[in-house]
2 protein chains.
Amino acid sequence: MLELHHAGLSSCSKKSRLCLKEKGLTYTSHYLDLFKFEHRQPRYLELNPNGVVPTLVHDDKVIIESTVINEYLDEVFPDPPLKPADPSGRARMRVFTKMADEFALPALRVPVWTRFRLAQFQAMDEREFEGVVERTPIIEHRLRLRALRAGGFSDEAFKEAFARMEYVYDRCERTLADGPYLAGEMFTLADIAMLPYVDAFTGLRPELIASRARVRDWHERMMARPAVQQTFSPSSEAPEIRLAPARS
Amino acid sequence: MLELHHAGLSSCSKKSRLCLKEKGLTYTSHYLDLFKFEHRQPRYLELNPNGVVPTLVHDDKVIIESTVINEYLDEVFPDPPLKPADPSGRARMRVFTKMADEFALPALRVPVWTRFRLAQFQAMDEREFEGVVERTPIIEHRLRLRALRAGGFSDEAFKEAFARMEYVYDRCERTLADGPYLAGEMFTLADIAMLPYVDAFTGLRPELIASRARVRDWHERMMARPAVQQTFSPSSEAPEIRLAPARS
């Protein structure tokens, strides 16, 4: 029995939902509303001490971190395989799953939190806001919450986020010269990990992809996959992310 | 034929050196002097586009990122195994190798760069310093270089680094209630990944470990391992890190 606790169209949730769908696995979906801070409720924090989404529950086993979840799914349900058969191909794949986690995710948080969370945090009274900070286990997120409420991210933070994504696009462009997928000849967890970020930044900064023909072609091929269409489109499992009400 | 390009006693270099030694593998050691920016020379950047250490070369294969290198080594040289046999044990292991990369490494950079690099960067003239920044591929590192030169890390940055390590120690303390090692019953890549950070922070902030009996016991057991003693002690392969000459 597989259960996924996730936030639908959030980038890390998409990663694990896509992995499940590419493997044709059925699972019970538990949607968490990030705007209601359902990922910071005590019961969820017992499953996931970082207070982030997604979390996989497989029988009695609890697996956290989308990258770790996807490696787990591929080990337990190897058909179809989403890792190269040779260790050096797997290493190449892991360089990209790691880059998605360490470069692309923090970069995406800057514009996404600004668009979807700024108004919400600024509309809270002090006590309510401090309660949210208090229930946030990861210090980076706490600092970012405070920065947002204090007036949004700085121009410097935006510049840094876009510079980080330029680097990611460059690395993808370079590696796609060697094969149609990020880890070479086959579709792998690397493509799954990077797609939500490349897709989101393509919407935010079209020039990033316009100047990189191989990434553009890869993005088009990825978005045409049936499992990607199911995962990235709003659905009952993954409702459209609505903007928080603006401050009156 | 195995070759490791590394910086000896730097934390990520220790991780891959320790993995090699725990497996009893022989390799050709290429020491890079970080103070001379040998990791930013064009020839090295061709091997490792991030301009960081270590890099493993195995026959014609180039593997970067210490965490990825260690998974690769365990797949290619599985004896003795350094990953749990069951997928959920491996998932638990990967949560900790990821935590070492994403929480502990950035936390350690703050005190370490302050101690070992501040004087060097401040002693450089503008042109030399900008040359160093220019050859630094990763934007976080560029920003940190500039912050250092402009007057060192802020009190806030130190507070954040120590808060991050408190969180890491807490997570280790909690998981060690379930078994003698971070991933449970066996010594794994999780212990290898976390040890350089826990060891360094124990020197910097002894109270972190003094109040956590299981981490203290784990740290003592780890440091008694012969491969750890070889890896963490200065040697011809890993010269003692010397302080850069202070500004006159």
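Below, chain A is the first sequence line, B the second, and so on; all start at residue 1.
- A distance of 5.5 Å separates CD of E160(A) from CD1 of I139(B), quoted to the nearest 0.5 Å.
- No part of T97(A) comes within reach of chain B, as not one of its non-hydrogen atoms sits under 4.5 angstrom from that chain.
- The greatest number of non-hydrogen atom pairs below 4.5 Å with chain A, out of E166(B), E102(B), R174(B), is found for E102(B).
- Ion pairing between R94(A) and E75(B) holds under the 4.0 Å rule for side-chain N and carboxylate O.
- Counting heavy atoms from C-beta on, the side chains of E156(A) and L143(B) come closer than 4.5 Å.
- S88(A) contributes atom OG, which lies 8.0 Å from atom CG of D60(B) (distance to the nearest 0.5 angstrom).
- How far CZ of F103(B) is from CD1 of I138(A): 4.0 Å, rounded to the nearest 0.5 Å.
- If you measure heavy-atom distances from I64(A) to chain B, the contacts under 4.5 Å come from both the backbone and the side chain.
- For CG of D155(B), the number of neighbouring non-hydrogen atoms (other residues, nucleotides, ligands) closer than 6.0 Å is 12 at most.
- Taking the side chain as every heavy atom from C-beta outward, K61(B) and P87(A) never approach each other to under 4.5 Å.
- Nearest heavy atoms, A91(B) versus V68(A): O-CG1, 3.4 Å.
- Looking at heavy atoms from C-beta onward, N50(B) lies in side-chain contact with Y167(A) at the 4.5 angstrom threshold.
- Of the atoms belonging to E140(A), it is side-chain heavy atoms, and not backbone ones, that fall under 4.5 Å from chain B.
- Proximity to chain A is absent for every atom of R142(B), based on heavy atoms less than 4.5 angstrom apart.
- Residue I69(A) does not touch chain B at all, counting heavy-atom pairs closer than 4.5 Å.
- For the options A163(A), P49(A), P106(A), heavy-atom pairs under 4.5 Å to chain B are most numerous at P49(A).
- Proximity to chain A (any heavy atom under 4.5 Å) is restricted, for R90(B), to the side chain, taken from C-beta onward.
- For a residue to count as touching a neighbouring chain, one of its non-hydrogen atoms must lie under 4.5 Å from one of that chain's; by this rule E65(B) touches chain A with the side chain only.
- Both the backbone and the side chain of P137(B) come within contact range of chain A, judged by heavy atoms closer than 4.5 Å.
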